[in-house]
Amino acid sequence: GVDMMVLCSNTFLVMFNTFFNIATTAIMVFSKESDSGWGPWIFLTVDSLNAIGIEAEFANSIYSTLMPGAFFVGYPMCLLMAGVVPFILNSFLMKVIYVWRSLP
């Protein structure tokens, strides 16, 4: 039902956002570090020190993205989404239905 749709859409949006952030970071690192062109093929070649440096900079950028934010952002979001938002939404719906008599 609706709960499965919400789960699937949330999963899709998180995956899309993650891949978009990785792609943006890769483009930023490739365009900053590479002199002879940039692209994903730089990972397939290790024939130059420049390619190894770009790969190390990309890994460092992804690590900086994940640490520490991605490990600790779940706890405040849990408190917000499981406590504050349902209370406000339920209070608003109770006022609309029972106090203001706006819905049937």
Criterion side-chain contact (heavy atoms from CB on, under 4.5 Å) on Y75 and L79, from CA distance to verdict: CA-CA 6 Å; Y75 299 113; L79 292 174; 5.9 Å; no
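Of the residues V14, L7, L13, the one that meets the side-chain contact (heavy atoms from CB on, under 4.5 Å) test with T11 is L7.
Between the CG atom in N60 and the CD atom in E57 there is a gap of 6.0 Å [rounded to 0.5 Å].
F20 and I22 end up in different hydrophobic clusters when Ile, Leu, Val, Met, Phe, Trp and Tyr side chains are linked at under 4.5 Å. A continuous path of ILVMFWY side-chain contacts below 4.5 Å connects V99 to M94, so both sit in one hydrophobic cluster. In terms of hydrophobic clustering, with Ile, Leu, Val, Met, Phe, Trp and Tyr side chains grouped at heavy-atom distances under 4.5 Å, F12 and F19 are assigned to different clusters. A continuous path of ILVMFWY side-chain contacts below 4.5 Å connects F87 to M77, so both sit in one hydrophobic cluster. Tracing side-chain contacts under 4.5 Å through hydrophobic residues (I, L, V, M, F, W, Y), one reaches V84 starting from M81; they form part of the same cluster.
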